[in-house]
Chemist: 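First the structure, which I've put down as structure tokens, then a few questions once you've had a look.
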Amino acid sequence: MNKATFQACTDVALIKYWGKKNEQLRLPENGSISITLADLHTITTVEFSSSYNQDEIIIDNEQLDIEVNRVIEHLNRIRQLANTALRAKVVSQNNFPKSTGLSSSGSGFAALTLAACTALNLNLSDKEMSILARQASGTACRCVIGGFVEWLDGNTSDTSYSTAIFSNQHWDIRDVVAVVDSNIKDISSTAGHTTAQTSNFYQTRLQHINRKINQIKKFIKSKDFTQFGELIEQECLEFHAILLTSKPSLIAWQPGTIAVMKTVQALRKSGIPAYFTINTGFNVHVLTLPAYQLAVTQALQKLPCVQNVLTSQISAKPQKLSTHLF
Ligand code: DP6
């Protein structure tokens, strides 16, 4: 049967991918480090069949999703590898709000790549799967891996892929996500990447990024949460300084985003180890240790600007499921 279903988790970058040295191949200007999130996932079923005359894509129960053309382009890449012209039906469900800065394209294209390749009996290694997923969405090349992930800064397609630096069992960190809005963000990350070079600070960022990558790996290895947290929060603010000073300026935050950031800093003053990081959207990832997850969740839930709080542990690799979505 040419049908398969995969569940892949989203991730949050600790050291962020921003800017591409090759847009078509999605080769980033710098390496990045992330953790994949067990409780924020996409489930995708793909079926290839001669009974389909065209590709049909349904994402979160909608057929007219903004990502449809990108999905079809990726199916074409996979069809080419499998040497088939069969059309596909794709049904995909997210359990968290998409296009709000929570990297739904990462989990989405990871699940799509794994399900489509499995449905067409393409036997790819983790490295090959990461390279293939990368071409649809940069984040997806990390999400196909799981655990603590490094996306290597290669100059060619074959050398730009992700590996697990530690499994999800290495260190129990919790992500408490403050959802301040579930509406779609103004500017996609894909569009934002193209403006990275226009910030006067971007070259300075690139000069220091490898040092940051080495430091975060060291802090993860030694499980030093204070140094880990200080570095990821500083990295988040540096990344947003690039967005703010790009032309045109990309102001991702909403008032609620800033309220959450200030609450996290106040929590720290009261002795709770919690640090924030934010992607190109407005929702905020707050990283903490298990003993403080409840206190952080309760503090965020009390804020009038917070609509919802999602909590997650670090995930293992994406999973093949035996139950299909159709
Ligand atoms: C700020 O992976 O969404 O979240 O490759 O164009 O799909 P495309 O971009 P995307 O960019 C993610 C940017 C980021 C940082 C990160 O996740 O590393």
Side-chain angles (χ1 to χ4, degrees), residues 8-37 40 42 65-67 69-71 73-74 77 94 96-113 130-145 148-154 157 160-162 165 175 177 184-196 199 202 205-206 209 212-213 216 231-232 235-244 246 250-253 257 276-285 287:
C9 298
T10 183
D11 76 349
V12 57
L14 309 172
I15 307 296
K16 304 203 187 277
Y17 142 53
W18 196 242
K20 296 173 194 172
K21 53 190 165 215
N22 182 322
E23 251 184 74
Q24 214 199 340
L25 287 172
R26 277 196 160 76
L27 300 181
E29 286 283 4
N30 60 275
S32 54
I33 305 278
S34 76
I35 46 175
T36 50
L37 303 173
L40 279 73
T42 306
D65 190 88
I66 43 171
E67 297 285 20
N69 288 339
R70 198 163 157 195
V71 171
E73 258 176 49
H74 198 48
R77 255 178 224 121
N94 293 298
F96 61 100
K98 66 178 157 66
S99 306
T100 64
L102 300 178
S103 301
S104 51
S105 60
S107 52
F109 281 105
L112 176 74
T113 308
S130 178
I131 290 170
L132 181 57
R134 188 203 72 230
Q135 295 169 63
S137 166
T139 315
C141 94
R142 297 189 307 237
C143 293
V144 293
I145 301 298
F148 293 80
V149 183
E150 176 169 19
W151 177 2
L152 301 164
D153 176 22
S157 190
S160 181
Y161 61 93
S162 300
I165 44 177
D175 188 3
V177 182
I184 287 177
K185 59 190 181 186
D186 298 340
I187 301 176
S188 71
S189 298
T190 305
H193 281 288
T194 63
T195 66
S199 166
Y202 186 63
R205 169 173 172 75
L206 292 184
I209 202 90
K212 283 192 188 184
I213 287 175
I216 200 81
L231 181 56
I232 65 148
E235 157 68 357
C236 162
L237 292 168
E238 179 184 291
F239 163 65
H240 280 270
I242 303 287
L243 299 188
L244 292 166
S246 291
L250 205 164
I251 305 173
W253 302 338
T257 315
F276 62 77
T277 186
I278 307 158
N279 289 336
T280 45
F282 29 74
N283 294 326
V284 187
H285 295 269
L287 299 183

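Every number for a ligand or one of its atoms is a count from 1 in the order of the listing.
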Chemist: side-chain hydrogen bond (donor to acceptor under 3.5 Å, both in side chains) for Arg134 and Ser157? Distances and angles first, verdict last.
Modeler: CA-CA 9 Å; Arg134 188 203 72 230; Ser157 190; 2.7 Å; yes
Chemist: Would you call Glu23 and Lys20 a salt bridge, taking side-chain N to carboxylate O under 4.0 Å as the test?
Modeler: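 A salt bridge is absent here (no side-chain N lies under 4.0 Å from a carboxylate O).
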Chemist: Do side-chain atoms of His240 reach the backbone of Glu235 as a donor and acceptor pair under 3.5 angstrom?
Modeler: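 No; zero donor-acceptor contacts below 3.5 Å.
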Chemist: Hey, could you give me the CG/CG distance between Leu40 and Leu102, rounded to the nearest 0.5 Å?
Modeler: 6.5 Å
Chemist: State which residue, out of Ser160, Ser34, Ser130, fulfils the side-chain contact (heavy atoms from CB on, under 4.5 Å) condition with Trp151.
Modeler: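 Filter result, single survivor: Ser160.
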Chemist: Looking only at protein heavy atoms, which one is nearest to atom 7 (O) of ligand 1, and how far off is it?
Modeler: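 Here the nearest protein heavy atom works out to Arg70 NH2, 2.6 Å.
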Chemist: If the contact criterion is a heavy-atom separation under 4.0 Å, does Trp151 count as touching ligand 1?
Modeler: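 False for this residue.
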Chemist: Could you check atom 11 (O) of ligand 1 against the protein and tell me its nearest heavy-atom contact, residue, atom and distance included?
Modeler: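 The protein heavy atom lying closest is His193 NE2, 2.9 Å.
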Chemist: Provide the number and element of each atom of ligand 1 under 4.0 Å from a heavy atom of Lys16.
Modeler: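 Here the atoms of ligand 1 in question are 15 (C), 18 (O).
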Chemist: To the nearest 0.1 Å, how far is atom 2 (O) of ligand 1 from its closest protein heavy atom, and which atom is that?
Modeler: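 For atom 2 (O) of ligand 1, the nearest protein heavy atom comes out as Thr139 OG1, 2.4 Å.
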Chemist: Does any N or O atom in Arg26 lie less than 3.5 angstrom from one in ligand 1, N or O only?
Modeler: yes
Chemist: Applying the side-chain hydrogen bond (donor to acceptor under 3.5 Å, both in side chains) test to Arg142, which of Ser32, Ser162, Ser137 qualifies?
Modeler: Ser32
Chemist: Please indicate whether Ile251 has more than 12 foreign heavy atoms, meaning atoms of other residues, nucleotides or ligands, lying under 6.0 Å from its CD1.
Modeler: no
Chemist: Heavy atom of Lys20 under 4.0 Å from ligand 1?
Modeler: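 It does, in that a heavy atom of Lys20 comes within the 4.0 Å cut-off of ligand 1.
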Chemist: Number the atoms of ligand 1 from 1 as they appear, then name those within less than 4.0 Å of a heavy atom of Ala13, with their elements.
Modeler: 16 (C), 17 (O), 18 (O)
Chemist: Numbering the atoms of ligand 1 from 1, which are under 4.0 Å from a heavy atom of Gly138?
Modeler: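 Close to Gly138: 2 (O), 5 (O), 7 (O), 8 (P).
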Chemist: Just so I know, are the side chains of Glu29 and Lys21 near enough to count as touching, which here means a heavy-atom distance under 4.5 Å?
Modeler: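 Heavy-atom side-chain distance check passes, below 4.5 Å.
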Chemist: Heavy atom of His240 under 4.0 Å from ligand 1?
Modeler: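 Heavy atoms of His240 never come under 4.0 Å of ligand 1.
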Chemist: Is the shortest N/O to N/O distance between Thr190 and ligand 1 below 3.5 Å?
Modeler: yes
Chemist: Among protein heavy atoms, which sits nearest to atom 1 (C) of ligand 1, and what does the distance come to when rounded to 0.1 Å?
Modeler: Phe239 CZ, 3.3 Å
Chemist: Is it the case that the side chain of Thr195 and the backbone of Gly192 share a donor-acceptor pair, with hydrogens and angles ignored and the cut-off at 3.5 Å?
Modeler: yes
Chemist: Does ligand 1 have any atom sitting under 4.0 Å from a heavy atom of Ser105?
Modeler: yes
Chemist: State, with a plain yes or no, whether a side-chain heavy atom of Trp18 is found less than 4.5 Å away from one of Thr280.
Modeler: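 Contact flag for Trp18/Thr280 side chains = yes.
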Chemist: Is there a donor-acceptor contact under 3.5 Å from the side chain of Tyr202 to the main chain of Ser246?
Modeler: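 The answer is no, because no donor-acceptor pair under 3.5 Å joins these two groups.
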Chemist: Considering non-hydrogen atoms of the protein only, which is the closest contact for atom 4 (O) of ligand 1, and what is the distance?
Modeler: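 Checking every protein heavy atom, the shortest distance to atom 4 (O) of ligand 1 gives Asn279 CG, 3.3 Å.
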Chemist: To check your reading of the model: name the closest protein heavy atom to atom 3 (O) of ligand 1, its residue, and the distance in Å.
Modeler: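 I find the closest protein heavy atom is Ser189 CB, 3.4 Å.
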Chemist: What protein heavy atom sits nearest atom 14 (C) of ligand 1, and how far away is it?
Modeler: Tyr17 O, 3.9 Å
Chemist: Which residue owns the protein heavy atom closest to atom 17 (O) of ligand 1, what's the atom, and how far is it?
Modeler: Arg142 NH2, 2.8 Å
Chemist: Taking only heavy atoms of Ser137 into account, list the atoms of ligand 1 that are under 4.0 Å away from them.
Modeler: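 Here the atoms of ligand 1 in question are 2 (O), 5 (O), 7 (O).
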